[in-house]
Amino acid sequence: MDTIKVTEYDAAWPQAFISLKSSIWPAVCDVAIAMEHVGSTSVHGLAAKPILDIDIIIPSSSALHTVIDRLAPLGYKHRGNLGIEGRDAFFAPKELPEHHLYVCLQGGLALQNHLAVRDYLRSHPDKAKAYGTLKKQLAREFPNDIDSYIAGKTEFILDILNETGFARSQMKSIEQLNKLPIT
């Protein structure tokens with residue numbers, strides 16, 4: 001297990017996303033709707049693990065197999081949904097900037113979660129700063145325990161989702177989503 005490392009915001013992260021998008025998007029642009037930079041590295045000024053999170057959004061589950069086939073020649077290996085409906089994960093090629101690549105179903109709860117948290121933190125810099133402080137504290141407290149690090153962030157994320165209007169019935173599912181590693 002690698003040591004959990006949370007760094008100050010790096011102004012190179014948006015450019016790294018643009019670079020990755022320029023190599024991935026042409027392969028899927030005719031079957032996907034969009035490609036989004038999500039996770040902490042997508043929020044200006046937010047401390048984060050230096051691993052980009054990227055969502056490719058597809059209109060229906062019928063597009064998934066085509067996207068899997070198109071990503072394979074680029075070096076991406078399909079990992080499955082890892083227990084999260086509407087979100088499939090991929091191993092990224094090691095020679096690229098470190099990132100997590102997901103294919104998410106349009107309107108799916110995993111995608112809604114990613115976008116809601118990102119957009120909220122982008123528009124609430126005080127909350128982004130508090131989240132960064134929490135993440136740094138958790139990384140110091142649990143440098144080799146990803147489960148405890150993630151668990152320590154869950155309540156903060158649930159509070160954000162509550163503020164953004166997620167229904168109580170969605171919160172239990174989202175709590176499960178946030179127990180799985182993303183930046």
Side-chain angles (χ1 to χ4, degrees), residues 2-22 24-25 33-57 84 86-87 89 92 96-143 145-183:
D2 292 330
T3 300
I4 298 166
K5 179 182 169 189
V6 174
T7 65
E8 293 301 325
Y9 178 79
D10 186 336
W13 290 336
Q15 185 55 47
F17 167 71
I18 291 167
S19 176
L20 288 165
K21 183 177 180 179
S22 71
I24 298 167
W25 185 245
I33 296 169
M35 193 166 161
E36 296 281 345
H37 185 189
V38 295
S40 295
T41 61
S42 70
V43 179
H44 182 79
L46 178 56
K49 292 187 301 175
I51 304 166
L52 277 65
D53 290 311
I54 299 172
D55 288 348
I56 296 173
I57 303 166
I84 298 176
R87 188 200 83 182
L96 295 176
E98 196 168 358
H99 64 287
H100 297 141
L101 182 68
Y102 303 103
V103 173
C104 297
L105 185 59
Q106 180 183 29
L109 193 56
L111 176 64
Q112 290 176 41
N113 176 19
H114 287 178
L115 296 177
V117 172
R118 179 199 66 189
D119 295 347
Y120 181 88
L121 291 172
R122 282 180 173 176
S123 63
H124 294 84
D126 56 324
K127 290 282 193 177
K129 183 176 181 179
Y131 187 43
T133 299
L134 173 63
K135 289 164 60 104
K136 289 186 277 187
Q137 178 223 327
L138 291 168
R140 282 191 303 274
E141 192 173 335
F142 305 108
D145 183 355
I146 191 68
D147 293 332
S148 294
Y149 171 82
I150 292 168
K153 299 185 316 174
T154 299
E155 195 61 38
F156 194 96
I157 297 295
L158 291 175
D159 287 346
I160 288 173
L161 294 171
N162 186 51
E163 284 194 43
T164 62
F166 275 74
R168 206 58 159 147
S169 60
Q170 295 172 305
M171 297 303 262
K172 195 67 176 163
S173 297
I174 289 174
E175 187 172 0
Q176 293 300 336
L177 292 177
N178 285 302
K179 289 182 180 175
L180 296 170
I182 64 167
T183 309

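The model shown is predicted, which means the values in this text are computed figures rather than measured ones.
- Every pair passing salt bridge (Lys or Arg N to Asp or Glu O under 4.0 Å) that includes a residue from residues 34-47 is listed here, sequence neighbours excluded: Glu36-Arg118.
- Here CG of Leu109 is found 8.5 Å from CG of Leu161. Values are rounded to the nearest 0.5 Å.
- For Phe156, the ring pair (Phe, Tyr, Trp, His ring centres under 6.0 Å) test picks out Tyr131, with sequence neighbours left out.
- Between the CD1 atom in Ile157 and the CG atom in Asn162 there is a gap of 13.0 Å [rounded to 0.5 Å].
- A search for side chain to side chain donor-acceptor pair (under 3.5 Å) contacts involving Gln112 returns nothing, not counting sequence neighbours.
- The minimum heavy-atom distance between Ile51 and His99, with the atom names listed, is CG2-CA, 3.8 Å.
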Under 3.5 Å donor-acceptor pairs involving side-chain atoms of residues 6-20, not counting sequence neighbours:
unit_1	atom_1	unit_2	atom_2	d
Thr7	OG1	Ala48	O	3.3
Glu8	OE2	Lys136	NZ	2.6
Asp10	OD1	Ala12	N	2.8

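- For Glu141, the side chain to side chain donor-acceptor pair (under 3.5 Å) partners at least two apart in sequence or on another chain are Gln137.
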When you look at His114 and Asp53, which way does the side-chain contact (heavy atoms from CB on, under 4.5 Å) test go after all the steps?
CA-CA 9 Å; His114 287 178; Asp53 290 311; 5.9 Å; no

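- Once rounded to the nearest 0.5 Å, the distance linking CD1 of Ile33 with CD1 of Ile57 reads 7.0 Å.
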Using residues 122-130 as the side-chain source, report each donor-acceptor pair under 3.5 Å to any protein atom, sequence neighbours left out, with the distance given to one decimal.
unit_1	atom_1	unit_2	atom_2	d
Arg122	NE	Ser42	O	3.0
Arg122	NH2	Ser42	O	3.0
Ser123	OG	Asp119	O	3.1
Ser123	OG	Tyr120	O	3.2
His124	ND1	Tyr120	O	2.9

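- Scanning all heavy atoms of the two residues, the minimum distance from Gly132 to Leu46 falls at N-CD1, 3.4 Å.
- Between Met35 and Ile54, the closest heavy-atom pair is CE-CG2, 3.6 Å.
- Considering CG of Leu121 and CD1 of Ile160, their distance stands at 4.0 Å, rounded to 0.5 Å.
- Expressed to the nearest 0.5 Å, how far CG of Asp2 lies from NZ of Lys49 amounts to 10.0 Å.
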Would you check, one step at a time, whether the test side-chain contact (heavy atoms from CB on, under 4.5 Å) holds for Arg87 with Asn113?
CA-CA 11 Å; Arg87 188 200 83 182; Asn113 176 19; over 6 Å; no

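- Going from atom CD1 of Ile56 over to atom CG of Leu105 covers 13.5 Å, rounded to the nearest 0.5 Å.
- Under the salt bridge (charged side-chain N to carboxylate O under 4.0 Å, His left out) criterion, Glu155 pairs with no residue at all, not counting sequence neighbours.
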